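Here is how names work: the chains are called A, B, and so on, in the same order as the sequence lines, proteins then strands, and each is numbered from 1. All values derive from a computational prediction rather than experimental measurement.
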There are 2 protein chains.
Amino acid sequence: MKSEKQKVSIKDIAKELGISITTVSFVINGKAKNRISDKVIKKVEDYIEKVGYRPNSSAQSLRTGKSQTIVFMAEDISDPFFSTVAKEMEGLAFKHGYRIIYCSTENKKERALELLQFFKDKDVDAFIITPPENFESETKKLIEEEKVVVLFDRHFHNLDHHYVVLDNVNSTKNAVEFLKEKGFKNIGFVGLKSNLSPMQERHQGYLEAVPHPMSLLIKFNAVGKKQGNDQLEKFLDDHPAIDAILFATNSLAIAGLRVLRKKSIQVPEQLGVATFDDRELFELHTPSISVVSQPVADLAKELIKGTLKLLGHPEDNTIRIRKSLSGTVIPRKSTERN
Amino acid sequence: MKSEKQKVSIKDIAKELGISITTVSFVINGKAKNRISDKVIKKVEDYIEKVGYRPNSSAQSLRTGKSQTIVFMAEDISDPFFSTVAKEMEGLAFKHGYRIIYCSTENKKERALELLQFFKDKDVDAFIITPPENFESETKKLIEEEKVVVLFDRHFHNLDHHYVVLDNVNSTKNAVEFLKEKGFKNIGFVGLKSNLSPMQERHQGYLEAVPHPMSLLIKFNAVGKKQGNDQLEKFLDDHPAIDAILFATNSLAIAGLRVLRKKSIQVPEQLGVATFDDRELFELHTPSISVVSQPVADLAKELIKGTLKLLGHPEDNTIRIRKSLSGTVIPRKSTERN
DNA sequence: TTGGGTTAGTAAATCGTTTTACTAAAGAAT
DNA sequence: ATTCTTTAGTAAAACGATTTACTAACCCAA
């Protein structure tokens with residue numbers, strides 16, 4: 001009964017074939033050219049094929065300090081934005097012999113630090129990180145440890161580092177411009193009270209695009225809760241002139257739509273609505289919601305391209321990965337006056 | 001400049017403190033009691049604290065064959081159902097010194113096999129898997145290799161293995177019963193053409209609960225596409241008597257709602273709608289959609305409890321983890337006649 | 001015949017742990 | 001004074017790979 005498939009090691013192969021471990025290793029790693037005869041190479045390859053040998057990756061990592069693994073620390077991997085980026089990256093990385101492992105920081109510094117430790121212990125080759133708030137000094141420390149680290153979605157303005165982000169300022173300006181073209185005159189902004197760069201920049205873009213800004217900033221953990229909803233209600237009551245709202249994140253928009261429904265405010269008749277980040281929900285909503293969609297595939301491509309470039313030139317510290325891509329406005333019913 | 005934080009190893013500690021590697025290891029692993037003097041223990045602990053020593057986990061895995069890591073191979077980690085389960089499990093596992101790593105099979109056998117290899121090479125301690133279709137023999141193989149494997153969401157009826165699933169038959173019957181109570185007389189069923197156990201069982205539950213069943217089964221990769229939508233339209237046209245539909249998955253329901261909107265069929269006036277799996281979208285939809293919600297937290301708890309039990313008794317092959325939990329019907333507007 | 005170059009390989013160190021099997025010294029018991 | 005235990009520790013092998021520095025045999029030219 002005991003089928004107990006005994007794992008075969010390089011040593012087993014060497015013994016079985018009556019050759020040295022070194023020879024086997026050379027064949028496995030393609031370093032056999034001009035060193036080992038074709039006959040022996042063939043013999044080893046056939047045997048490996050036959051027994052389905054796979055190198056023990058703990059041993060490899062221990063010896064080389066590399067793991068052919070990139071970790072993607074997303075804010076929340078269950079958010080379609082992050083999970084789609086993850087999936088895209090996975091495919092691209094695989095073609096180059098790398099694996100992606102992903103996880104969620106939930107925007108918590110504590111959690112991010114734990115994960116960082118865990119993956120440092122595992123000798124991952126590169127970190128792609130959406131840092132939580134106040135993660136600047138940790139990021140700096142990580143970079144100083146000579147790790148390959150690329151920030152995603154958000155970055156720190158006064159830290160010299162690699163990043164791939166959305167051009168939030170201009171994307172927001174485009175969204176406001178779009179709303180103006182649709183005939184809205186008093187555009188309000190609902191954002192997150194956060195010092196993360198996208199939140200800062202989206203607000204900034206809004207402020208620069210509108211003559212008389214009216215904005216509400218809600219704390220991250222109040223969104224969708226009573227506190228946040230009350231704030232939004234009050235905001236609307238206090239600013240009756242507002243004829244359209246731009247939400248800075250999809251969770252704000254979802255919470256906002258609930259409030260609007262509760263207050264029986266008709267969209268778009270009484271209030272135009274647009275938000276960042278496309279989601280199935282927005283397309284299916286009644287009315288469908290206009291959005292600023294992020295170029296997910298391109299973001300993923302730049303992330304992997306950049307990371308691989310850094311991994312490929314470990315000595316070259318003149319390389320800088322700094323990409324800022326634009327979003328696209330997708331017009332839907334929620335911004336159609338008349 | 002070169003801050004290059006040199007990683008400190010157990011050997012460095014031993015040398016620095018003028019003691020043996022063994023002693024350090026004993027202290028680190030709590031095996032120092034009755035072997036090493038309190039003074040030395042303290043000295044080592046203080047030094048470890050001071051330099052922030054962390055064991056190299058590749059070396060540990062290599063030596064012990066364990067990694068304190070459980071892998072969760074979900075169908076799709078971006079599906080809120082799976083990602084919520086993942087998050088729950090993570091917290092529970094962490095308390096017991098285990099980490100969860102997750103990934104998506106996308107229901108593809110190829111992909112699942114790749115991932116399986118990858119994680120086998122990494123010496124993960126246990127596999128929690130939502131197997132794709134036709135993964136029975138691979139699962140069997142894995143079990144025969146003496147790995148700890150617990151299936152989730154779906155299982156194989158004629159394979160002796162560990163699993164945690166929803167009681168799909170009875171949950172479906174309850175949903176049908178609920179629809180009947182709401183006054184619907186001709187309840188149709190839209191499911192997935194799949195041999196995965198939940199799809200089979202939900203259909204079976206429906207067939208057993210209804211006198212004159214009318215069901216449509218759509219291929220997985222036709223859902224949301226033209227082919228699937230056409231099938232659904234035809235199904236509705238062919239069965240004008242149907243006054244309510246139970247969708248077997250949330251993606252079917254979402255695709256279905258799009259078709260109903262296109263055909264201008266009023267929910268719930270002309271057609272009642274209910275579906276499996278709760279989602280924010282269903283609550284926010286106009287009208288809100290009644291659902292069968294899965295006991296996510298309990299499923300996660302059973303998965304981790306079971307997995308840890310198996311990990312804790314590696315010798316005991318009499319243990320069987322076999323849990324089948326019930327879903328809950330959440331009534332909403334889409335099933336309110338009048 | 002000597003020396004140099006090539007070909008085909010191998011021995012052994014190393015990565016950082018864990019763990020088994022030892023020992024030396026001190027104290028207790030007879 | 002001898003033996004027996006306990007205490008406090010250590011040496012060395014092992015896990016499975018990679019890689020540096022060797023060698024032995026052969027060929028060729030001078």
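- Residues meeting the side-chain hydrogen bond (donor to acceptor under 3.5 Å, both in side chains) test with A/Ser25, sequence neighbours left out: A/Asn29.
- Using a 4.0 Å heavy-atom distance criterion, A/Ile28 is classed as making no nucleic acid contact.
- Between the C1' atom of C/dT14 and the CD1 atom of B/Ile21 lies a distance of 13 Å, rounded to the nearest Å.
- For A/Lys7 and D/dA17, the NZ to C1' distance is 12 Å, given to the nearest whole Å.
- In this structure, A/Asn34 reaches neither bases nor backbone, as no heavy-atom distance under 4.0 Å exists between it and the strands shown.
- For C/dC15, one of the phosphate oxygens OP1 or OP2 lies less than 4.0 angstrom from a side-chain nitrogen or oxygen of B/Lys11.
- Rounded to an integer number of Å, the gap from A/Gln60 CD to D/dG16 C1' is 9 Å.
- Nearer the 5' end of DNA chain D, as judged by each residue's closest nucleotide, is the contact made by B/Ser20, out of B/Ser20 and A/Ala59.
- Going from atom CG of A/Asn56 over to atom P of C/dG16 covers 16 Å, rounded to whole Å.
- Which of C/dG16, D/dT19, D/dA17 sits closest to the side chain of A/Phe26 comes down to D/dT19.
- Residues satisfying the ring-ring contact (aromatic ring centres under 6.0 Å, His included) criterion with A/Tyr163, sequence neighbours excluded, are A/His155, A/His161.
- Phosphate proximity of C/dT17 to B/Ser25: absent, as no side-chain N or O sits under 4.0 Å from OP1 or OP2.
- With salt bridges taken as basic N to acidic carboxylate O contacts below 4.0 Å, one links A/Arg111 and B/Glu90.
- Contact between the side-chain N/O atoms of B/Thr23 and the OP1/OP2 oxygens of D/dT10 is found at a separation under 4.0 Å.
- Between A/Thr22 and C/dT10, a side-chain N or O to OP1/OP2 separation shorter than 4.0 Å is absent.
- Atom pair A/Asn29:CG and D/dT20:P shows a separation of 12 Å (rounding to whole Å applied).
- Pairing each heavy atom of A/Lys122 with each of B/Ser67, the nearest pair is NZ-O, 3.7 Å.
- For A/Glu136, there are no side-chain hydrogen bond (donor to acceptor under 3.5 Å, both in side chains) partners at least two apart in sequence or on another chain.
- Relative to the side chain of B/Pro55, the nucleotides D/dG9, C/dT20, C/dT17 differ in distance, and C/dT17 lies closest.
- When rounded to the nearest whole Å, the span between CG of A/Leu62 and P of C/dC15 equals 9 Å.
- OP1 or OP2 of C/dT19 has at least one side-chain nitrogen or oxygen of B/Lys31 nearer than 4.0 Å.
- Residues in residues 79-121 of chain B take part in these ring-ring contact (aromatic ring centres under 6.0 Å, His included) pairs, two or more places apart or across chains: B/Phe81-B/Phe152.
- Residues A/Ser20 and A/Thr23 have side chains that bring a donor and an acceptor to within less than 3.5 angstrom of each other.
- Closest contact between the side chain of A/Ile10 and the listed nucleotides C/dT17, D/dA17, C/dC15 involves D/dA17.
- For the segment residues 35-49 of chain B, the set of residues with a heavy atom within less than 4.0 Å of an atom of DNA chain D comprises B/Arg35, B/Ile36, B/Ser37, B/Val40, in numerical order.
- Residue A/Lys33 contributes atom NZ, which lies 19 Å from atom P of C/dT6 at whole-angstrom precision.
- Where B/Thr64 and B/Ile19 each meet DNA chain D at their nearest nucleotide, the meeting point lying more 5' is that of B/Ile19.
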Side chains of residues 307-319 of chain B: which donor-acceptor pairs under 3.5 Å do they make with residues two or more places apart or in other chains?
unit_1, atom_1, unit_2, atom_2, d
B/Thr307, OG1, B/Leu303, O, 2.7
B/Asp316, OD1, B/Thr318, N, 2.9
B/Asp316, OD1, B/Thr318, OG1, 2.6

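- The CG-P distance, from B/Asp123 to D/dC15, rounds to 13 Å in whole Å.
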